[in-house]
Amino acid sequence: ESDRLAVPDRTVGVRILEVPTLKEVSRWPCPVPLARIRFSPDGRTVAVAALGNGAIRGEVRLYEARSGRERGRVTVPLEPSPNGLGPVFEFSPRGELAVGRGGDAVLVDPRSGEVRHSYPGNRSFISAFGFHPTEPSLIVAHADGTALVHKVERPAPTLRQGADAFDRAW
């Protein structure tokens, strides 16, 4: 739902707001203080990165956007982040998570937690990700001002999905 905004709130937890009116659509408690928050491409899942111990472990928690029910957790071993703000992550147009691991990036299936692909970086920590909306490209920005562009490898489609499933998703 592209007309929604997810925001952390210290007293409530997470608030889902309608855009542009900013009318509250839902709210739910979140058991951890939040460093980052993102919607999945379909708008049904909210991914959050915690401050504190969750940030040290590289944990991203996944919640149902409407109810706040926890759907799962993805943990990627990290080097300690210099800013203490937890893992940098972003959803791809297909719904996979790109997660920073030191200077490297990994593409993770949020349903299974399986690392699908690793992209080597440089010595500087990742500060942001960006996916091209229609092409299989990932831009990785680093804290030292460099940016690397990677071609996103597409896994082989399963028989159930059909041969053109990934092309439709991009």
Any residue meeting salt bridge (Lys or Arg N to Asp or Glu O under 4.0 Å) with [X], in chain and number order, not counting sequence neighbours:
X: Glu114; result: Arg116
X: Asp9; result: Arg15
X: Arg10; result: none

Which value, rounded to the nearest 0.5 Å, describes the distance between [X] atom [atom1] and [Y] atom [atom2]?
X: Phe129; Y: Arg38; atom1: CZ; atom2: CZ; value: 10.5 Å
X: Leu34; Y: Arg61; atom1: CG; atom2: CZ; value: 9.5 Å
X: Phe131; Y: Ser92; atom1: CZ; atom2: OG; value: 5.0 Å

How far apart are the closest heavy atoms of [X] and [Y], and which atoms are they?
X: Thr45; Y: Leu62; result: CG2-CB, 4.1 Å
X: Ala98; Y: Leu138; result: CB-CD1, 4.4 Å
X: Arg73; Y: Glu70; result: NE-OE2, 2.6 Å
X: Ala143; Y: Ser127; result: N-OG, 4.0 Å
X: Val152; Y: Arg94; result: CG1-NH2, 4.0 Å
X: Pro93; Y: Pro133; result: CG-O, 4.0 Å

Handout entry: Ionic contact status for Glu64 with Arg66, cut-off 4.0 Å
Key = no
Practice task
Treating Ile, Leu, Val, Met, Phe, Trp and Tyr as nodes and any side-chain heavy-atom pair under 4.5 angstrom as an edge, say whether Phe89 and Val115 lie in one connected cluster.
Solution key: yes
Handout entry: Those residues that, when tested against Lys151, pass side-chain contact (heavy atoms from CB on, under 4.5 Å) (two or more places apart)
Key = none
Problem - Residue list, side-chain contact (heavy atoms from CB on, under 4.5 Å) with Val149, at least two apart or on another chain - result: Ile139
Practice task
Kindly determine whether Val60 and Leu97 satisfy side-chain contact (heavy atoms from CB on, under 4.5 Å), including the steps that lead there.
Solution key: CA-CA 10 Å; Val60 176; Leu97 279 173; 4.2 Å; yes
Problem - Trace of the side-chain contact (heavy atoms from CB on, under 4.5 Å) decision for Val14 with Ile37 - result: CA-CA 9 Å; Val14 174; Ile37 186 167; 3.9 Å; yes
Completion exercise
The ring-ring contact (aromatic ring centres under 6.0 Å, His included) partners of Tyr63 (sequence neighbours excluded) come to Trp28
Problem - Stepwise side-chain contact (heavy atoms from CB on, under 4.5 Å) test for Leu148 and His142 - result: CA-CA 8 Å; Leu148 300 174; His142 291 267; 3.8 Å; yes
Handout entry: Arg36 vs Val48 side-chain heavy atoms within contact, under 4.5 Å
Key = no
Exercise for the section: Give the intermediate values and the outcome of side-chain contact (heavy atoms from CB on, under 4.5 Å) for residues Phe39 and Ile16. Expected result: CA-CA 10 Å; Phe39 269 110; Ile16 308 295; 4.0 Å; yes
